[in-house]
Amino acid sequence: MPPNLTGYYRFVSQENMDNYLRALDINVVLRKLVCLLKPDKEIIHTGDHMVIRTITSLRDYVMDFDLGVQFEEDLGPVDGRKCQTTVSWEGDQLVCEQLGEKRNRGWRHWLEGDQLHLRMTAEDEICVQVFQKV
């Protein structure tokens with residue numbers, strides 16, 4: 001049975017965000033701004049339904065979805081694109097596949113103790129963030 005990810009998580013660290021954003025064709029000014037942000041995560045996990053809020057001082061981003069069901073995700077606040085998104089479990093990892101203009105786009109969340117890990121991919125770039133459960 002997969003873990004329940006419900007909780008509030010504070011930002012701890014990130015690696016390679018600038019190159020990840022560059023792979024998404026984000027302009028240099030916005031990349032620099034995003035790299036300064038320290039986002040928090042709030043996850044509400046109820047059965048096969050999840051809400052993941054990424055909370056920053058600039059703007060929040062909310063994903064509201066049912067596991068295993070493809071939906072159109074509007075990534076306008078991120079990079080102006082839309083994609084077909086499916087989120088499902090692979091073992092103890094929550095895996096998101098975002099099909100659209102960018103190859104190999106998606107992310108995966110997993111827990112190690114009370115730390116939430118996030119690995120985001122786009123093209124050949126990988127960004128890793130770590131959050132501490134509050």
Transitive ILVMFWY cluster of [X], excluding itself - 4.5 Å side-chain cut-off:
X	result
Leu99	none
Leu36	none
Val29	Val28

(request) If a pair satisfies ring pair (Phe, Tyr, Trp, His ring centres under 6.0 Å) and one of its residues is in residues 109-131, list it, with sequence neighbours excluded. (result) Trp107-His109, Trp110-His117

(request) Sort and list the pairs that fulfil ring pair (Phe, Tyr, Trp, His ring centres under 6.0 Å) and have at least one residue in residues 46-72, not counting sequence neighbours. (result) none

(message) Please determine whether salt bridge (charged side-chain N to carboxylate O under 4.0 Å, His left out) holds for the pair Asp25 and Arg81, giving the CA-CA distance in whole Å, both sets of side-chain angles, and the decisive distance to 0.1 Å.
(response) CA-CA 11 Å; Asp25 302 322; Arg81 295 183 174 92; 2.9 Å; yes

[Y] side chain reached by [X] side chain, heavy atoms, under 4.5 Å:
X	Y	result
Lys133	Leu111	no
Glu125	Met120	no
Gln84	Glu72	yes
Cys96	Thr86	no
Val95	Trp89	no
Asp18	Leu21	no
Thr54	Lys41	yes
Leu75	Arg105	yes

First locate atom [atom1] of [X], then atom [atom2] of [Y], and finally report the distance between them rounded to the nearest 0.5 Å.
X	Y	atom1	atom2	value
Leu33	Thr56	CG	OG1	8.5 Å
Met50	Leu67	CE	CG	6.0 Å
Asn27	Lys32	CG	NZ	11.0 Å

[X] side-chain N/O to [Y] backbone N/O, donor-acceptor pair under 3.5 Å:
X	Y	answer
Asn16	Cys127	no
Lys102	Glu123	no
Asp66	Val69	no

Could you tabulate the donor-acceptor pairs under 3.5 Å formed by side-chain atoms of residues 1-12, not counting sequence neighbours?
unit_1: Asn4; atom_1: OD1; unit_2: Thr6; atom_2: N; d: 2.8
unit_1: Asn4; atom_1: OD1; unit_2: Thr6; atom_2: OG1; d: 2.7
unit_1: Asn4; atom_1: ND2; unit_2: His45; atom_2: O; d: 3.3
unit_1: Thr6; atom_1: OG1; unit_2: His45; atom_2: N; d: 2.9
unit_1: Thr6; atom_1: OG1; unit_2: His45; atom_2: O; d: 3.2
unit_1: Tyr8; atom_1: OH; unit_2: Asp40; atom_2: OD2; d: 2.9
unit_1: Tyr9; atom_1: OH; unit_2: Leu5; atom_2: O; d: 2.8
unit_1: Arg10; atom_1: NH1; unit_2: Asp40; atom_2: OD2; d: 2.8

(message) Between Met17 and Gln129, does the side chain to side chain contact (heavy atoms under 4.5 Å, CB included) criterion hold? Intermediate values first, please.
(response) CA-CA 9 Å; Met17 179 61 84; Gln129 293 182 321; 3.3 Å; yes

(message) Show, in sequence, the C-alpha distance, side-chain angles and deciding distance for Ile52 and Asp64, and conclude whether the side chain to side chain contact (heavy atoms under 4.5 Å, CB included) test is met.
(response) CA-CA 7 Å; Ile52 300 176; Asp64 188 333; over 6 Å; no

(message) One pair to check against side chain to side chain contact (heavy atoms under 4.5 Å, CB included): Lys82 and Glu73. What are the steps and the verdict?
(response) CA-CA 6 Å; Lys82 291 185 180 180; Glu73 185 178 8; over 6 Å; no

